[in-house]
Q: 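Sharing a structure, written as structure tokens. Questions coming.
First the proteins, then the strands, lettered A, B, ... as listed; each starts at 1.
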Amino acid sequence: MRRGISILTAAGLAMTLAACGGGSSDDSTSGAAEETTASETGASGSLTIWVDDNREVAVTDAAKAYEDATGTTVDVVVKDFANIRADFSAQVPTGEGPDITVGAHDWLGGFVKDGLVAPIEFGDALADFNTVSTDAFTYDGQVYGLPYAIENVAVIRNTALADSTPATFDEMLAKGKAAGTKYPFLIQVGDEGDAYTMYAFQTSFGAPVFVQNDDGSYSSELGLGGENGNNFAQWLQDQATAGVLDTNITYDVAVDAFSKGESPYIVGGPWMISAFTDAGIDVAVDPIPSAGGETASPFVGVQGFYVNANSQNQLTATDFLVNYLGTEDSQVALYEAGDRVPALNAAADAVSDDPIVAGFAAAAENAVPMPSIPEMDSVWSFWGVTEANIINGTATDAPAAWTEMVSNIQAELDK
Amino acid sequence: MTDVSPRTDERVKQKEPRKVFSQATNWGPGFLTKLILMAAVNALGLYVLVNAYTAGSWVVFGGMALILVAVDYVYFSKKTLALKYLTPGLVFLLVFQIFVILYTGYVALTNYGAGHMVNKSQAIDAILMQNTRRVEGTAQYPLAVVRNGSDLGFAIIENDEVFVGTADQPLEAVDGATIDGTRIAEVPGWEILSMGEVTENQTDVLALRVPISDDYEADGAIGTQTGTTGFVFRSVLTYDDSSDALTNEETGTVYTANGSTGQFESADGETLNPGWRVFVGLDNFKDAFGDGRYAGPFVKVLVWTFAFAFLSVATTFLLGMVLAMTMNDERMRGRKFYRTIMLMPYAFPAFMTAFLFAGLLNTKYGFFNEVLFGGAAIPWLQDPWLAKLSVLFVNLWMGFPYMFLICTGALQSIPSDMNEAARIDGANGFKVWRYITMPQLMIQVTPLLISSFAFNFNNFNLIYMLTNGGPRFEDSSVPVGSTDILISMVYQISGLSGEASRNFGLASAMSIIIFIIVGAVSAYSFKRSRSMEGAQ
């Protein structure tokens, strides 16, 4: 009996120390790991890449090609896309984290401000990429990642219920009502609003979130206030009163209703398409109509790969991105994995006979890149919530609520 | 635990021989087992020590060394019988509680957050990296990494001619080099590195800058990021170790390190990103209470947190107790069946229940409005007061089975003859409950009610999955809402939700405040409950 106890205790102790080693020595092991990577593992060469399950197959193929060509082992780690940004921010400063991670371009400003990502010099190869995509990954004159796909929202039309998408919102609504379906038009809002999906309508009132410089880059001056912004707020309220906009329509509700043929029009992105085609609905993709008279410009989001600024394998990482993931084959493979328009022009051409891709690309001609400046982090929560408050009737004076929001964001920026 | 058995005379007699055969001194199988396990423990400890030493992490090194010495002493000494049992628990406590609390406390005193994520040397590296630019209008060159003894250099092709140089020796044309397409095949006097060799030396290759001409300042230098293509780079900023300052070579502006804000600053207040983590003292605590943007919401959230935790415990306990007493009545039929049904909500994962209720409470499409309220558009989760009510209701649904369970257990352990005695003395049903059942019940469940209060005080799952803190305060400039409790507010402020910029320092400071509140409330309550027990 007593021996049993002593064994148990000792075993418990062993585990404790193991846990202690794992728990408290985060900094220590990482530092040691760095040094070994530089001196020993560097010899065999290794890369760690974070991707989400969506892109795993495509990246694994490119990784295999790279392994075969150079003998460097590439470790592809699958992570939940929603956690990647926070995990990368937390791990890079401790010396951990991957050499390369997949990410969205609007994380860039924050990453640069925190010193987490390394610039990449593409040289002449830069011209082979879509300009919007490389601009999106440019911060202060330097490119910080390899763009691979462009995504934007557009109007997705049920071809059985409507033959075209008119150029103005009112005409589209009239056509939608004429179709006699449950909803004339669908757009997701939700309790916390969805400023991203709604943005094209806002820009059609001439109220961009940040004022753009002449070269297309964003200044840190807010552009969403003033008379134009107030007009947009008023429009939100009017449409809510008319029953067109509704915070109860979440992403799931909207996609479900459209899949059942309950509306001829929905505002959405490439990620929705498979749900509709699976439901047997024949869809076409058109640019978003203008609600306020000016051009309706949705946000373009660009997906890409970042290099860890503290990585000991920066040269290999850059080589892998520029010379392997940046090739036409890889970009087409990534397109097949996610249905998003490739950022490499040659790859985009190769898949352009798909009418859905062509539709989103046509809608993207009016689009503007989502700002990647660090200031953008301070905007989202106020913005969507204010829209939701106007739409659900919590804020009765829409222009006043909008003005209040602008001053709150300004206060956050000034802090 | 053997000593619990009755001490017979025989056992007392055995006491002397036992000491002789103690495993601390004897080479029995027990001692050998201990030796092996301790060897494993020491090996692990040494592994951590070596790692900590190479990384220069002295806190971990010192802590580990102390733990290791202490553990070895405890298990090989004859005098430390009690400690042999306590040590594993103490080590766990040290690592998982005390270390975490101290570390949180440390972060609370720094400006760790957006723009200050890295340490100073990483910040300098990042600033220099971000400000090393390709010189505009210059060409790119096919490049090979070459070696001459220990000297690394670059060979590039320009106008079908091969140039070679090293860090100290500007590029010069070499005769007799052969070019294969756009690749350099051979350079006399230099060995061309394969990609594998380049990978081996990548840190050096990345750092290598080969001047184009003697006039380094004007013409810049060739560098590479891939080992196959070279560009002309020039550093805009240079770092001077002795003055701890960065100088912009183009404008001449000097940015000096400011140790109190953790950023490089120029004379006219311009700062460079990224900054680094520095000690800021109690600033985060001042922000939590003094900064209007946090203080206003903080007080509202604090009041709601107390109300939420208290009401949650009160409602779930009352319902659980009433049900338990009903089910405990022997006159009731099918008690086992009902008891099983009662436990159903408890069997579901809490976060899923909350998420399901969020759907059920949807204003337009939810089950509650559509079926129970005949299509009324009641904004359950959008109106601040209704949202609070919904949170309490859902928590009642999730929480009463636990209370039901513990009350049932407690009730069954109360001897029924006391109740009978009271009845014989003439007490009615309510009086029996008030003076006999209730006090006995409370003695048993009070500690559980206190822990339930502490649990609900930090019931993040429910708030996150049901309302995510919403509806948002309209007048607030932080992303906090009417149903946010302190812990969910901390989550929002830490910036991990992506709704605000990251501020781990402030979030840690608020965690410490929560810790103090929960600790104080629990300590006070336990003290009270002990005095209640004493009164019995």
Q: Does any heavy atom of chain B fall under 4.5 Å from the side chain of A/Phe122, the backbone, both, or neither of them?
A: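 It is the backbone, since no side chain atom gets that close.
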
Q: If only atom types and distance count, is the side chain of A/Asn310 paired as donor or acceptor with the main-chain N or O of A/Val92 below 3.5 Å?
A: yes

Q: Are any side-chain N or O atoms of B/Asn503 and backbone N or O atoms of B/Leu506, one a donor and one an acceptor, separated by less than 3.5 Å?
A: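 Yes; at least one donor-acceptor contact below 3.5 Å.
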
Q: Please identify, among B/Arg133, B/Arg277, B/Gln382, B/Met117, the residue contributing the most non-hydrogen atom pairs under 4.5 Å to chain A.
A: B/Arg133

Q: Could you look at A/Tyr144 and say if it's the side chain, the backbone, both or neither that has a heavy atom under 4.5 Å from chain B?
A: side chain

Q: Non-hydrogen atoms of chain A under 4.5 Å away: do they reach the side chain of B/Gln130, the backbone, both or neither?
A: both

Q: Measure A/Asp246 against the heavy atoms of chain B and call it side chain, backbone, both or neither at under 4.5 Å.
A: side chain

Q: Show, in sequence, the C-alpha distance, side-chain angles and deciding distance for A/Phe88 and A/Tyr306, and conclude whether the ring-ring contact (aromatic ring centres under 6.0 Å, His included) test is met.
A: CA-CA 10 Å; A/Phe88 191 77; A/Tyr306 292 103; 7.1 Å; no

Q: Using heavy-atom distances under 4.5 Å, tell me whether A/Leu321 contacts chain B through its side chain, its backbone, both, or neither.
A: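 A/Leu321 has no heavy atom closer than 4.5 Å to chain B.
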
Q: Counting only heavy atoms closer than 4.5 Å, note whether A/Val112 contacts chain B via side chain, backbone, both or neither.
A: both

Q: Name the region of B/Thr132, side chain, backbone, both or neither, that has any atom closer than 4.5 Å to a heavy atom of chain A.
A: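 Only the backbone of B/Thr132 comes within 4.5 Å of chain A.
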
Q: Is there a donor-acceptor pair under 3.5 Å between the side chain of A/Gln314 and the backbone N or O of A/Val307?
A: no

Q: Tell me, for A/Asn389 versus chain B, whether the close heavy atoms (under 4.5 Å) come from the side chain, the backbone, both or neither.
A: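 Side chain only.
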
Q: Taking B/Asp383 for the side chain and B/Pro379 for the main chain, is one N or O donor matched with an acceptor at less than 3.5 Å?
A: no

Q: Using 30° and 60° as the class limits, which term best fits the ring planes of B/Phe504 and B/Tyr112: parallel, tilted or perpendicular?
A: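 Perpendicular: the ring planes of B/Phe504 and B/Tyr112 meet at over 60°.
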
Q: Within the side chain of A/Thr318, is there an N or O that forms a donor-acceptor pair under 3.5 Å with the backbone of B/Thr226?
A: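 Side chain of A/Thr318 to backbone of B/Thr226, a donor-acceptor pair under 3.5 Å: no, none is there.
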
Q: Would you confirm whether A/Glu387, through its side chain, and A/Gly384, through its main-chain N or O, come within 3.5 Å as a donor-acceptor pair?
A: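 No, the answer is negative, given that no donor and acceptor are paired below the 3.5 Å cut-off.
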
Q: For A/Ser89, which atoms come within 4.5 Å of any heavy atom of chain B: side chain, backbone, both, or neither?
A: both

Q: Quick one: which of A/Gly123, A/Pro374, A/Ala401, A/Ala86 has the most heavy-atom pairs under 4.5 Å with chain B, could you say?
A: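 Heavy-atom pairs under 4.5 Å are most numerous for A/Gly123.
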
Q: What are the two closest heavy atoms between A/Asp114 and B/Arg502, and how far apart are they?
A: OD2-NH2, 3.0 Å

Q: Is it the side chain or the backbone of B/Thr228 that comes within 4.5 Å of chain A heavy atoms, both, or neither?
A: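 For B/Thr228, the contact with chain A is made by the side chain alone.
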
Q: Most heavy-atom pairs under 4.5 angstrom with chain A, which of B/Met129, B/Arg134, B/Gln225, B/Gln140?
A: B/Gln225

Q: Check the angle between the aromatic planes of A/Tyr66 and A/Phe320 and answer parallel, tilted or perpendicular using the 30° and 60° thresholds.
A: perpendicular

Q: Looking only at heavy atoms and a cut-off of under 4.5 Å, which of A/Ile409, A/Val322, A/Ile120, A/Asp252 has the most pairs with chain B?
A: A/Ile120

Q: Pick one of side chain, backbone, both or neither for B/Met195, based on which atoms fall under 4.5 Å of a heavy atom in chain A.
A: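 Side chain of B/Met195 only, per the 4.5 Å heavy-atom cut-off to chain A.
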
Q: Has A/Asn313 got a side-chain atom pairing as donor or acceptor with A/Ser46's backbone, closer than 3.5 angstrom?
A: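 Looks like yes, one N/O pair under 3.5 Å.
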
Q: Can you say whether A/Asp140 sits under 4.5 Å from chain B via the side chain, the backbone, both, or neither, judging by heavy atoms?
A: both

Q: Quick check on B/Thr363 against chain A: is it the side chain, the backbone, both or neither that has a heavy atom closer than 4.5 Å?
A: both

